[in-house]
There are 2 protein chains.
Amino acid sequence: MNKCTDDFATTQNPSFIVRIDRSVYSVRMEDKAVLETEDLRPKTEAAARILAVASELFYRDGIRAVGVDAIAAESGVTKMTLYKHFGAKDRLVAAYLHVRDEKWRDWVLKSVGARAGGPTERILAVFDALGAWLESQDGMRGCAFVNASVEVANPDHPAQTVIEDQKRWMRGYLKQLAEEADVEEPDKLADQLLVLVEGATITAVMRTAKESVERAKEAAEVLIEAG
Amino acid sequence: MNKCTDDFATTQNPSFIVRIDRSVYSVRMEDKAVLETEDLRPKTEAAARILAVASELFYRDGIRAVGVDAIAAESGVTKMTLYKHFGAKDRLVAAYLHVRDEKWRDWVLKSVGARAGGPTERILAVFDALGAWLESQDGMRGCAFVNASVEVANPDHPAQTVIEDQKRWMRGYLKQLAEEADVEEPDKLADQLLVLVEGATITAVMRTAKESVERAKEAAEVLIEAG
DNA sequence: TAAACAGTATACAGACCTGTCTACTATACA
DNA sequence: TGTATAGTAGACAGGTCTGTATACTGTTTA
């Protein structure tokens with residue numbers, strides 16, 4: 001049985017009901033903690049398959065465009081199984097983003113770690129990592145977190161925490177690299193690098209700037225030197 | 001009766017049917033021309049009201065989150081009137097973006113035109129225009145065209161043309177300013193400025209970078225000097 | 001005066017969507 | 001041997017969405 005739905009029936013847990021975007025959410029204090037721990041990890045082989053399929057479809061076609069029926073069918077699983085594991089579509093979305101975030105962090109850390117050279121080279125390696133990442137993704141759909149943020153307007157959606165985490169981590173990592181580069185204002189450089197990363201992603205997806213990641217990398221180099 | 005609906009009934013025009021994303025579109029050769037001319041302009045007071053309401057709701061809540069019933073109700077109009085004027089929701093979306101694009105161009109040209117100073121100052125004025133624009137918008141939802149591009153995955157959606165136009169215009173305008181600034185590689189600078197503009201918008205909306213537009217402006221200044 | 005036009009009112013078709021329910025099967029494990 | 005676990009199968013409730021159909025009321029205008 002669904003935990004979230006139970007809260008509607010039995011009101012013993014401290015919770016408040018929010019109605020936004022034509023959906024009803026019960027927001028509990030523990031939700032954040034639950035979402036951030038291993039609760040999102042698939043427990044069985046079927047659950048892992050569901051998550052993998054959902055991840056591909058959500059990213060490629062968009063969250064709202066993909067129904068749970070399609071995910072279940074594509075996973076070779078019944079809808080009941082999906083709901084037994086994830087409880088609600090919103091939670092599956094949060095899980096999708098959570099796993100994707102982990103992969104992204106691993107990818108960036110690995111790419112930067114493998115780069116020889118000083119702190120400037122390490123910062124520039126982030127852009128190489130971004131470029132390779134974007135090229136490896138299906139359908140040039142850009143940043144899954146930005147996309148999810150656009151699609152999920154509701155601030156109480158469980159995905160919001162994951163989205164915020166991802167962006168905060170990226171900002172923190174860039175600041176760390178900026179500090180290692182020993183620039184005068186690491187906070188300022190971190191913000192500027194973040195602007196370049198996000199901008200390069202968007203313009204690459206929308207095909208407005210040619211070689212936008214390479215251009216952003218060159219811009220980053222100038223900014224580091226100036227800092 | 002509606003022109004668009006007639007075209008579906010009478011198949012005298014050369015057209016082909018596309019089925020993507022669970023919607024059916026009839027794409028005609030003239031469509032692009034039609035969409036780019038005054039066909040999108042509201043013809044009556046009711047049509048203008050519908051477009052104004054749709055623009056506000058689409059931008060604030062997202063295109064998929066807003067139904068035609070809500071738009072009609074909010075406009076104080078029946079759904080039939082909406083369909084008589086716009087033929088389909090997709091066309092209304094295209095009209096919304098078209099009008100928004102015109103407003104944005106006017107705003108940028110006016111802002112940059114009002115700025116005293118040399119070519120560098122004119123480029124920096126674009127960022128001031130962006131900052132003021134973003135602050136004036138309801139609900140900090142960022143770039144309507146990026147959002148629409150995320151929500152409308154289908155490449156045959158009539159909004160796509162408008163989105164591409166908007167981005168192409170912006171890129172062209174930035175290149176023009178870069179040429180006036182007499183830098184060595186105006187194309188490169190234009191791409192970098194575009195990356196900064198898009199990145200500043202995204203990070204402002206997602207609140208990942210503080211004062212991102214100001215930071216992007218500072219970065220632009222460094223890049224212009226370096227170029 | 002009659003036609004053309006703009007809009008109202010309301011019902012409805014046909015999809016699609018999330019989430020639930022009941023009843024059943026196979027497997028692991030204590 | 002018996003019980004918990006994981007999953008199947010398929011129906012269905014209740015809602016939302018886009019788009020259409022029909023019959024009507026005013027208003028302008030030629």
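Because only heavy atoms are used, hydrogens play no part in the values below, and waters and symmetry mates are left out as well, while side chains stay in. In what follows, every chain begins at residue 1, and chains take the letters A, B, ... in the order their sequences are listed.
The CZ atom of Arg64(B) sits 10 Å away from the P atom of dT18(D) (whole-angstrom rounding). Remark: C1' of dC17(D) and CG of Leu82(B) are 14 Å apart, rounded to the nearest angstrom. Lys89(A) places its NZ atom 11 Å from the C1' atom of dC16(C), with the value rounded to the nearest Å. A straight line from CG of Asp69(B) to P of dA11(C) spans 14 Å, rounded to a whole angstrom. Spacing between atom CG of Leu92(A) and atom C1' of dG19(C) amounts to 14 Å, rounded to whole angstrom units. Spacing between atom CZ of Phe86(B) and atom P of dT20(D) amounts to 16 Å, rounded to whole angstrom units.
Under a 4.0 Å N-O distance rule, the pair Arg168(B)/Asp165(B) qualifies as a salt bridge.
For the pair Arg100(A) and Tyr59(A), the cation sits on the ring face: its NZ or CZ lies under 6.0 Å from the ring centre, inside 45° of the axis.
In this pair, Trp133(B) and Trp107(B) present their aromatic rings tilted. The plane angle is within the 30 to 60° band.
Judged by distance alone, the side chain of Glu151(B) and the main-chain N or O of Arg64(B) form a donor-acceptor pair under 3.5 Å.
When all heavy atoms of Val195(B) and Ala216(A) are compared, the closest pair comes out as CG1-CB, 4.3 Å.
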Problem set entry | Under 4.0 Å protein heavy-atom contact, by nucleotide of nucleotides 5-15 of chain D - B base, S sugar-phosphate only | --BBBB-----

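Residues Gln192(B) and Leu196(A) have side chains not in contact (no heavy-atom distance under 4.5 Å, counting atoms from C-beta outward).
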